[in-house]
Each structure stands twice: as C-alpha cells, then as structure tokens.
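All remarks here apply to the structure that follows.
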Number of protein chains: 2
Amino acid sequence: MGSKKVTFDDIARHTGFSKTTISRFFNNPGSLTRKNQEIIRKALKELNYKENKVAQILATGETDFVGILVPNLMLHYYSEMLNQILLTYPEYGYKYIVFVGSEDPQVEQDYIQKLLSYQIAGLIVMSHSTPSAQLAALSIPIVSIEREDIHICSVNSDNYTGALLATELLQKNGCDIFIHINTPTPITRPAYQRINGFRDYCTERGLRHELFIRETGTSASSITAAMLELFNEIENRYPGQKKGIFFSDDTRANAFLNVLLRKYHVLPEEYRLVGFDNSPIAEQAVYPISTVGQQIRLIAHETVALLHEKILEYRSGADWSAPPVHRVITPMLYPRATTDDGGQ
Amino acid sequence: MGSKKVTFDDIARHTGFSKTTISRFFNNPGSLTRKNQEIIRKALKELNYKENKVAQILATGETDFVGILVPNLMLHYYSEMLNQILLTYPEYGYKYIVFVGSEDPQVEQDYIQKLLSYQIAGLIVMSHSTPSAQLAALSIPIVSIEREDIHICSVNSDNYTGALLATELLQKNGCDIFIHINTPTPITRPAYQRINGFRDYCTERGLRHELFIRETGTSASSITAAMLELFNEIENRYPGQKKGIFFSDDTRANAFLNVLLRKYHVLPEEYRLVGFDNSPIAEQAVYPISTVGQQIRLIAHETVALLHEKILEYRSGADWSAPPVHRVITPMLYPRATTDDGGQ
C-alpha cells in the first residue's frame with residue numbers, strides 16, 4: 001500500500017463538514033441526511049478511504065466475511081469442498097474465515113459467537129456439532145452441506161440416487177449377492193440415504209442383499225483391520241458366489257481391495273466393488289475403483305450462490321421467516337476396473 | 001447473542017462523557033488522556049460492548065485475524081498443514097482467513113491488499129506466487145512454510161536430512177543402483193534440498209546413482225503415465241540389478257508401485273522404494289510404502305508460535321529490521337513394506 005492514512009480531519013476538510021459530523025457518519029450514519037451521507041461516501045472514494053475496511057464495516061454494518069465450519073480436513077471430501085468454496089473468491093468476493101471442528105462442541109459454539117461479533121455476512125456449515133435449530137436461531141444467512149439441515153438451507157448430494165447407480169452397476173455385473181458396507185450414521189444425515197437407496201433397490205427387485213454396519217475407526221490401520229474381518233465373514237458366508245459390494249466411501253473400498261490383493265494378488269472374478277466420493281485414492285488404486293462421484297465443484301458453487309442470495313435477501317430486509325431451501329446435486333457414476341463396464 | 005446493541009449514548013451516559021468524546025475514543029483514542037481511555041474501556045466491558053469487535057478493532061488497530069495463503073488443497077500435505085494450523089485456534093485465538101492459490105498471481109496480490117485493509121495481525125504463506133522480497137515489503141508479521149523465504153521468517157522441514165535418511169535406508173537394503181525421481185524444482189525452494197541430500201549421500205559414499213527429473217503433471221493419469229515410462233527406462237537400463245528408488249513424494253511412489261504390481265502382482269525383490277511426506281496414500285497402499293514423514297503438526301505449531309512472537313514484537317514497536325528467523329523441523333523415517341527393515 002504505502003498510501004498515507006486518511007484521517008477524519010482530511011475528510012472534514014474535503015467535505016466542508018465538521019469532524020463531529022464525520023464521526024457521526026461512521027458511528028450512526030442514520031443520524032445524517034441521505035444527501036450528506038452521499039457527500040461523505042463520495043469523499044471517501046475520492047480520498048481512497050475505502051482501504052480502511054474496518055471503518056467501512058462500522059459505517060454499513062456489512063462485511064464480506066463468510067465463516068466456514070468444517071469437521072476435519074483429513075477426509076479428501078472436506079478438503080476438496082473447502083478448496084472449491086475458497087476458489088469462488090474471484091467470482092463473489094467473499095473472504096472465508098475457516099474453523100476446523102473440535103472434539104468439544106462448546107469450542108465451536110464460542111467460535112460462532114466470535115464470528116457474529118465480527119459481523120460476518122453468513123455461514124457455511126459442514127460440521128455436525130451444532131443442531132440446525134440452534135443455527136437457525138442465530139438469524140443470519142446459513143447454508144449447510146451434507147449434515148442435518150431440518151431448520152437451515154442446504155446443498156447436498158442426491159445420496160439416494162448415488163446408491164441406486166452403484167447398486168444398479170453391481171446388478172449389471174451379474175452379482176449373486178449384494179452387500180452394502182457402511183458405518184453407524186444418524187438417520188438425519190443426508191448420507192444415510194445411501195443405505196436407503198441400496199436397500200430399496202434390492203428390495204424392489206427381489207435381490208438377495210445384506211447390510212454390514214460397522215464401526216471402523218478412522219486410521220488406516222483400524223480401517224484395514226475392520227475390512228479384513230468383514231472379508232473373512234463374507235468369504236465364509238457366501239463361498240463360490242459372485243459378491244457385489246457397495247461401500248460407504250472410497251477409503252473403505254480401497255482398504256477392502258487391498259485385503260483382496262494381499263490374498264489373491266489379482267482382483268478375483270468373484271468380487272465386484274463400488275465406492276463413493278470419487279476420491280483420488282479410488283483413481284490411484286492398483287485396480288482403479290469404480291465409484292459414485294459427488295460433484296464437489298458444483299456443490300460448492302451452488303452453496304455459495306445460495307448463500308449469496310440469502311445474504312442479499314437479508315440485507316434488503318426481506319421476509320426472514322421463509323422456510324429453508326434445500327438444493328440437491330445429482331452424483332455421477334465412474335465405472336472403473338473393479339467392475340465390468342455394465343454395458344455402458 | 002440477542003443482547004441489545006450498546007449505543008454511543010449508552011456509553012456516554014455510563015461514563016458521564018459527551019458523545020463526541022466517545023466518538024473520539026473510537027476514531028482517535030490518542031486524542032484522549034490515558035486515564036479517560038481507561039474509563040471508557042472499563043465502561044465498554046461493563047456494558048458488554050466487547051461484542052462489537054469491529055469498533056474494538058477501530059479503537060485499537062489490532063485484530064486477531066491471520067491470513068493464510070495456500071497454493072492448493074488437493075495435495076494432502078497442504079490440507080493437513082491447514083488443518084493443523086486451524087486447530088491451534090483454542091491455544092492462540094487467531095482466526096484464519098484462508099485464500100487458495102489462483103493461476104493468476106495478480107489475484108493473490110489483490111487479495112493480500114484486501115487482507116491488509118482488514119488490519120490482519122499477520123500472514124502465513126505457503127503459496128509460491130509472490131516473491132519473499134515483495135512480502136517483506138508489506139511490513140507485517142509473516143511466516144512462510146516450504147517456499148522461497150530469503151527475506152521472510154519461515155518454518156521448514158529439514159529436507160536435506162530427510163533425503164539422507166531415505167537414501168541410507170535404501171543403502172541398508174543392499175541396493176546396487178540408487179535412483180531419485182523428482183519434478184523440476186526451483187533451487188530456492190526448501191524441497192530442492194531433497195535432491196542435494198540424495199546426491200551428496202551417494203557421492204560421499206561412492207554409490208552409483210542417477211537422478212530423473214521429470215515433469216509428470218498433477219492428475220492421477222498423467223502421473224501414472226510418467227511413472228510407466230520411467231519404469232520402462234529403468235528396467236532397460238539396469239536389468240538384474242537391485243534398484244533403490246527415492247521419490248519426491250508418496251503420490252509418485254504409489255503410482256510407481258502400482259505400475260510394478262500391475263506387471264508382477266507382487267513387489268519384486270529387485271525394487272526397493274521410499275517416498276516422502278507420510279501421506280495417507282503411503283500407509284493405505286497394497287504394500288504400505290516406506291516414507292520420510294514431515295512432522296506437519298509440529299511445523300504448524302512452530303509456525304503459529306513464531307508468528308505470534310513476531311506479532312507481539314510488532315505491536316510492542318520493537319526493532320522491525322531484524323533479519324528473518326528460519327526454523328527447521330527434523331523429519332522422521334517410516335520404514336514399511338517397500339523396504340526391508342534395514343536392521344532397525
């Protein structure tokens with residue numbers, strides 16, 4: 001920068017108003033006539049005063065800060081979503097204050113209070129700690145992604161359709177038994193629909209199927225141990241049958257594939273696998289893993305676009321009691337080496 | 001929140017000062033006596049005025065915002081570093097405004113200017129677009145991580161020692177020929193020391209070695225194609241010899257391992273591999289990949305601690321022309337299935 005700081009004296013001299021009037025403009029603009037506010041705003045521009053954003057915020061009550069609450073950045077899904085949200089900066093101009101989840105929900109709630117005190121324009125919530133009813137009570141523009149969203153606006157993947165696509169691909173591969181491996185998931189989370197989609201697809205078509213809901217931990221070694229145990233169970237239960245397995249995510253699909261490869265060195269004909277998320281690990285596996293890809297870039301863009309709409313509504317003083325908007329983005333199937341192409 | 005907004009009238013009534021004096025406190029606190037400033041600060045606390053951070057910033061010129069510039073969040077290294085920096089919030093209280101790199105360096109530079117106008121307390125820089133001389137000229141506290149840092153403070157991994165550890169492990173595995181695979185890297189980047197460490201280790205011990213510096217792109221498919229090409233070259237050049245390969249990072253090591261597994265289904269005795277970074281992909285590979293782990297959590301903590309020191313110095317008006325501080329964190333070796341244990 002290097003430009004000299006513009007003082008209230010400079011603005012007073014430039015406009016012909018007293019310093020007290022200039023103070024009033026910043027601290028209580030409504031106490032000045034609209035015309036005088038305009039004169040001062042024009043002077044601020046001419047003096048390049050806009051560079052002191054803080055004074056500007058105080059004058060208008062508006063910032064271009066948006067808070068983002070994310071549960072962690074260890075999962076590729078979250079880091080890529082954050083990446084894509086941050087990349088919207090040139091388009092929307094919002095600056096993002098990012099908070100990564102704490103074990104302690106109180107830390108997140110204190111953080112939200114601090115964000116409010118900075119007069120943030122809105123909030124994007126991916127973390128699960130604060131119920132949507134409590135978030136809605138903050139009365140600021142909020143959009144959530146893939147979390148419980150009863151009382152707040154949201155943009156989610158169509159998890160149900162994603163599960164249908166995955167199971168359909170396994171059916172086209174001529175599997176005898178259909179298996180879904182997932183972790184315990186609250187029914188209010190959008191991702192729960194993966195379980196519903198799998199179950200409904202199999203039930204409606206009379207396909208033999210089984211659901212394995214298992215706690216696996218999040219470390220590579222605990223996931224591998226859990227997948228080895230499941231592999232032994234599945235081998236014992238369905239010998240000689242063609243097993244089509246749909247996994248809750250690519251990390252678990254990859255761990256299961258590695259168990260198979262350590263035992264058989266190649267992917268046996270008897271196993272067909274589909275993951276979820278289209279993470280890099282799916283593409284980088286020895287046998288690139290078929291997967292359902294969430295359109296992360298699109299979800300991020302829809303989220304910021306919806307938040308922007310809500311911020312404009314909020315600022316225009318529009319009716320703030322409208323029911324929350326829920327937008328849904330269709331996921332895409334990526335057939336790869338862990339399935340036959342299913343005629344596609 | 002829900003607490004009623006405290007106005008200048010309230011503060012004036014509470015302190016017995018005029019509203020003009022209160023205005024002056026916020027806009028030019030130095031024009032009031034120290035004693036009167038204290039009285040108003042006490043009143044602000046009593047009135048719970050602290051919740052309007054913006055006014056507070058204007059009064060003190062101090063924020064607890066720290067800007068973070070990161071080149072991308074697709075590489076696990078960056079997303080995990082960001083994760084660990086954000087997790088320091090409960091300890092230091094800094095709130096992080098995050099910017100993810102743009103193709104266009106001008107976008108980053110405009111963003112920095114905007115951050116300055118918000119009176120951020122400091123800056124953490126991981127992106128490469130802005131030379132350190134230009135960053136130093138901003139005259140605010142800055143700490144960089146793993147980028148050119150001649151004129152600014154930094155915290156880096158000891159890349160040189162990391163390369164020594166990797167090459168030593170390959171030597172203990174009784175390899176005949178030592179290979180380092182890397183991408184074109186500017187000599188001013190800390191990561192360049194991986195090349196130097198490998199070369200020095202081999203030269204000093206008279207080990208036969210070769211350096212392959214190749215552009216590989218960043219997509220899974222372009223990296224795989226580049227590794228396949230290198231594999232063919234290395235097979236032709238060193239048939240029947242035990243090849244010890246040290247890779248610039250785990251992603252490329254994993255792609256090379258997959259090329260081997262697609263051809264041989266097991267890891268041949270003739271190949272020993274070591275990656276760099278200790279990314280999840282190294283641990284999750286069919287043969288978990290030996291690697292040099294950067295202590296990301298420690299680097300993140302050192303970075304915030306050093307920045308915090310610099311911010312306190314800056315605020316105390318201490319000498320600002322001191323030479324930049326460079327701190328170095330020792331990496332750790334993780335021997336896994338792609339090497340023998342090397343007697344450890």
Side-chain angles (χ1 to χ4, degrees), chain A residues 1 7-8 20 23-24 26-28 50-55 57-58 63 65 68 72-74 76 79-80 82-83 86-87 89-90 95-100 102 104 107 111 113-119 138 220-221 223-224 251 254-255 257-258 261-262 265-266 280-281 283-286 288, chain B residues 1 7-8 20 22-24 26-28 50-55 57-58 63 65 68 72-74 76 79-80 82-83 86-87 89-90 95-100 102 107 111 113-119 138 220-221 223-224 251 254-255 257-258 261-262 265-266 280-281 283-286 288:
Chain A
M1 324 274 287
T7 65
F8 279 23
T20 309
S23 277
R24 273 167 55 209
F26 283 105
N27 297 305
N28 186 10
K50 71 170 183 297
E51 275 166 345
N52 190 344
K53 280 277 185 191
V54 176
I57 296 167
L58 205 55
T63 71
F65 288 139
I68 301 181
N72 68 67
L73 291 172
M74 279 173 284
H76 172 264
S79 62
E80 181 58 13
L82 178 62
N83 193 26
L86 297 181
L87 285 172
Y89 166 69
K95 279 160 217 77
Y96 296 100
I97 306 178
V98 186
F99 175 77
V100 70
S102 165
D104 180 359
V107 174
Y111 194 90
Q113 291 306 318
K114 292 236 169 64
L115 286 179
L116 292 180
S117 74
Y118 282 109
Q119 297 174 243
L138 299 174
S221 56
I223 290 173
T224 296
T251 300
N254 180 63
L257 174 64
N258 286 353
L261 293 179
R262 279 175 205 137
H265 302 302
V266 295
I281 197 148
E283 202 180 352
Q284 291 165 8
V286 182
Chain B
M1 319 273 288
T7 65
F8 279 22
T20 310
I22 305 303
S23 277
R24 273 168 56 209
F26 282 106
N27 296 306
N28 185 10
K50 71 169 184 297
E51 275 167 345
N52 189 344
K53 279 277 184 189
V54 177
I57 295 167
L58 204 56
T63 70
F65 288 140
I68 301 180
N72 67 68
L73 291 172
M74 279 172 283
H76 172 262
S79 62
E80 180 57 14
L82 178 62
N83 193 27
L86 298 181
L87 284 171
Y89 166 71
K95 277 159 219 78
Y96 296 100
I97 306 178
V98 186
F99 174 77
V100 70
S102 164
V107 174
Y111 194 90
Q113 291 308 320
K114 292 236 170 64
L115 286 178
L116 292 178
S117 74
Y118 282 109
Q119 298 174 242
L138 300 174
S221 56
I223 290 174
T224 296
T251 300
N254 179 62
L257 174 64
N258 287 354
L261 293 179
R262 279 175 204 139
H265 301 303
V266 295
I281 197 151
E283 202 180 352
Q284 291 165 8
V286 182

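In what follows, chains are A, B, ... by sequence order, proteins preceding strands, each numbered from 1.
Residues L82(B) and L82(A) form a side-chain contact, since some pair of their non-hydrogen atoms from C-beta on lies under 4.5 Å apart.
In terms of heavy-atom pairs under 4.5 Å with chain A, the best-connected choice from V286(B), V266(B), N72(B) is V286(B). Highest contact tally toward chain A, considering only P288(B), A285(B), P280(B), is held by A285(B) [criterion: heavy-atom pairs under 4.5 Å].
For the atom pair CD (Q284(B)) and OG1 (T251(A)), the distance works out to 5.5 Å, reported to the nearest 0.5 Å. Separating the NZ atom in K95(A) from the OH atom in Y111(B) is a distance of 6.5 Å, to the nearest 0.5 Å. Taking OG from S79(B) and CD from E80(A), the interatomic distance works out to 9.5 Å, rounded to the nearest 0.5 Å.
The contact between T20(B) and chain A is made entirely by side chain atoms (from C-beta outward), counting heavy-atom distances below 4.5 Å. Heavy-atom distances place the side chain of P90(B), and not its backbone, under 4.5 Å from chain A.
Residues S221(B) and E283(A) share a closest heavy-atom pair of N-OE2, 4.2 Å.
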Step by step, would you call L86(B) with L73(A) a side-chain contact (heavy atoms from CB on, under 4.5 Å)? CA-CA 10 Å; L86(B) 298 181; L73(A) 291 172; 4.1 Å; yes
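A centroid separation of less than 6.0 Å is found between the aromatic rings of F65(B) and F65(A).
Under the 3.5 Å distance criterion, the side-chain polar atoms of N83(A) are left unmatched by any main-chain donor or acceptor of V100(B).
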